[in-house]
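The block underneath contains the structure these notes are about, expressed in structure tokens.
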Number of protein chains: 2
Amino acid sequence: MDCNVVDRLKGRGIIPSAHRVAIGDYVLRTIEHPSADQVWERVKTSFPVLSRATVYNTLNLFVRKGLLQELILAEGKVVFDPNVADHHHLVEEDSGIIYDIPWDAVQVSGLDTLTDLEIDSYQVVARGRKRRH
Amino acid sequence: MDCNVVDRLKGRGIIPSAHRVAIGDYVLRTIEHPSADQVWERVKTSFPVLSRATVYNTLNLFVRKGLLQELILAEGKVVFDPNVADHHHLVEEDSGIIYDIPWDAVQVSGLDTLTDLEIDSYQVVARGRKRRH
DNA sequence: CCATAGTTTTAGAGTAAGTCTAAAGATATA
DNA sequence: TATATCTTTAGACTTACTCTAAAACTATGG
Ligand SMILES: [Mn+2]
Ligand SMILES: [Mn+2]
Ligand SMILES: [Zn+2]
Ligand SMILES: [Zn+2]
């Protein structure tokens with residue numbers, strides 16, 4: 001487990017430019033499931049010289065190199081998740097917040113009996129909300 | 001079980017105009033999970049005087065009235081599903097085809113132990129492909 | 001130091017899904 | 001017929017995202 005962003009980029013063959021490290025410092029540590037524009041807004045506060053295209057380029061690069069996964073859970077926006085291990089999600093429609101559900105919290109059975117389907121991956125997508133207090 | 005589109009629209013308080021019936025004749029019977037533009041292309045072949053806006057208006061009306069559900073399973077497009085009962089889906093990334101997985105084919109357990117989550121609905125979303133022959 | 005090649009970043013144009021607007025067309029009723 | 005209500009329409013608009021081609025870095029070798 002390597003928490004140093006520079007080394008994680010190098011480990012995947014990505015040159016750790018200042019821009020990429022600034023983006024990685026946020027998006028590789030967050031639990032927020034941000035969209036590309038949310039990453040842009042957020043990273044600009046600490047790293048103001050940053051174009052929209054660089055954010056998209058970098059996020060797509062991180063996805064290609066296996067540092068991020070893309071999730072499509074709501075209309076009109078892709079969000080990014082630094083947790084690339086299998087897990088499930090709860091989508092809170094009102095707020096737009098996406099919560100992680102640990103893989104081991106849920107058991108899914110029966111998929112293996114669908115012999116006509118070749119399944120690469122799966123997850124449970126729940127809609128609802130997090131109870132307050 | 002009522003397969004007459006005109007009566008199904010009336011049953012939901014929708015005036016069954018010729019346009020709406022033409023759209024419903026396709027989208028309320030298909031198993032294809034089409035996008036709005038796919039509905040437009042398809043319905044125009046048998047009903048040429050049809051604007052894009054009418055297709056979007058009608059699909060959104062059908063969703064509001066409970067005749068269709070919207071699914072967001074792949075990047076950049078919403079698809080529509082006349083099967084509004086609970087069921088799961090397999091997304092075939094290469095072809096873009098979405099297959100239904102019957103609700104009873106899969107058992108999901110453990111969601112009820114997540115007492116901090118209030119879950120309205122859920123489904124398993126699998127990625128993979130349908131085996132050929 | 002310079003020259004040069006490769007890489008990264010950029011603004012802004014382009015694309016595509018979807019919504020909105022305001023007018024025109026239908027239909028129903030009195 | 002007159003009037004009200006509902007439906008359909010073209011096209012403008014918005015938004016998320018990609019593409020392009022030039023500028024700005026960085027590394028290397030002389
Ligand atoms: Mn993408
Ligand atoms: Mn919609
Ligand atoms: Zn997640
Ligand atoms: Zn379905």
Side-chain angles (χ1 to χ4, degrees), chain A residues 5-6 9-10 12-27 32-44 46-65 67-81 96 98, chain B residues 5-6 9-10 12-27 32-44 46-65 67-81 96 98:
Chain A
V5 168
V6 171
L9 300 195
K10 283 182 184 164
R12 304 280 174 147
I14 299 169
I15 295 175
S17 69
H19 294 72
R20 287 170 177 166
V21 172
I23 293 166
D25 268 334
Y26 168 60
V27 80
E32 293 180 301
H33 303 88
S35 68
D37 277 7
Q38 284 168 334
V39 173
W40 189 35
E41 286 308 324
R42 173 66 179 263
V43 177
K44 265 196 304 188
S46 58
F47 195 93
V49 186
L50 180 66
S51 96
R52 226 156 149 278
T54 298
V55 174
Y56 277 92
N57 289 343
T58 301
L59 293 172
N60 288 337
L61 177 66
F62 287 1
V63 170
R64 248 172 11 249
K65 299 294 188 177
L67 291 169
L68 284 180
Q69 73 174 128
E70 267 186 10
L71 298 173
I72 299 131
L73 299 173
E75 188 168 349
K77 68 175 169 183
V78 173
V79 300
F80 296 89
D81 191 341
I98 295 163
Chain B
V5 168
V6 171
L9 301 194
K10 284 182 185 164
R12 302 281 173 148
I14 299 169
I15 294 175
S17 70
H19 295 72
R20 287 170 177 168
V21 172
I23 293 167
D25 268 334
Y26 168 59
V27 81
E32 293 179 301
H33 302 89
S35 69
D37 277 8
Q38 284 169 335
V39 172
W40 190 35
E41 286 307 325
R42 173 66 179 265
V43 176
K44 266 195 303 188
S46 57
F47 195 92
V49 186
L50 179 66
S51 97
R52 223 160 149 276
T54 298
V55 173
Y56 277 92
N57 289 344
T58 301
L59 292 172
N60 288 338
L61 177 67
F62 287 1
V63 169
R64 248 172 10 250
K65 297 295 187 176
L67 292 170
L68 284 179
Q69 72 175 129
E70 266 187 12
L71 298 173
I72 299 132
L73 299 173
E75 189 169 344
K77 67 176 170 181
V78 174
V79 300
F80 296 89
D81 191 341
I98 295 164

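Convention: sequence-line order gives letters A, B, ...; per-chain numbering from 1.
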- Message: Name the residue from Asn57(B), Thr54(B), Val43(B) that meets the side chain to side chain contact (heavy atoms under 4.5 Å, CB included) definition with His19(B).
- Response: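 So the option named by the test is Thr54(B).
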
Taking all atoms of both residues into account, what is the closest heavy-atom pair of [X] and [Y], and its distance?
X	Y	value
Pro16(A)	Leu9(A)	CA-CD1, 4.0 Å
Leu59(A)	Ile23(A)	CD2-CG2, 4.4 Å
Glu75(B)	Ile72(A)	N-CD1, 3.5 Å
Ser35(B)	Val79(B)	N-CG1, 4.1 Å
Leu50(B)	Trp40(B)	O-NE1, 3.0 Å

- Is the shortest heavy-atom distance from the side chain of Arg42(A) to the side chain of Glu32(A) under 4.5 Å?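 Counting from C-beta outward, Arg42(A) and Glu32(A) do come under 4.5 Å.
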
Please determine whether a side-chain nitrogen or oxygen atom of [X] lies at a distance below 4.0 Å from atom OP1 or OP2 of [N].
X	N	answer
His19(A)	dC25(D)	no
Ser17(A)	dT9(C)	yes
Tyr56(A)	dC17(D)	yes

Write down the distance between [atom1] ([X]) and [atom2] ([N]), rounded to a whole number of angstrom.
X	N	atom1	atom2	result
Arg64(B)	dT19(C)	CZ	P	11 Å
Lys10(B)	dC6(D)	NZ	P	18 Å
Asn60(B)	dT7(D)	CG	C1'	15 Å
Ile14(A)	dT26(D)	CD1	C1'	18 Å
Arg20(A)	dC25(D)	CZ	P	15 Å
Trp40(A)	dT15(D)	CH2	C1'	13 Å
Leu59(B)	dT7(D)	CG	C1'	15 Å
Ile15(B)	dA4(D)	CD1	C1'	13 Å

- Task: Please tell me which of Ala53(A) and Ser51(B) maps to the more 5' nucleotide of DNA chain D, matching each residue to the nucleotide holding its nearest heavy atom.
- Result: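 Result: Ser51(B).
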
- Item | Whichever of Glu75(B) and Phe47(B) has its nearest DNA chain D nucleotide further upstream toward 5' | Phe47(B)

Under 4.0 Å, heavy atoms only, any strand: does [X] hit a base, just the sugar-phosphate, or nothing?
X	answer
Thr54(A)	base
Arg52(A)	base
Asn57(A)	base
Asp37(B)	sugar-phosphate

- Message: Just to be sure I understand the geometry, which residues of residues 67-74 of chain B put a non-hydrogen atom under 4.0 Å away from DNA chain D?
- Response: none

- Minimum-distance nucleotide (side-chain atoms of Ala36(B) versus dG18(C), dT9(C), dT10(C)): dG18(C)

- Any chance you could lay out the side chain to side chain contact (heavy atoms under 4.5 Å, CB included) test for Arg52(A) and Asp37(A), step after step, and finish with the verdict? CA-CA 8 Å; Arg52(A) 226 156 149 278; Asp37(A) 277 7; 3.4 Å; yes

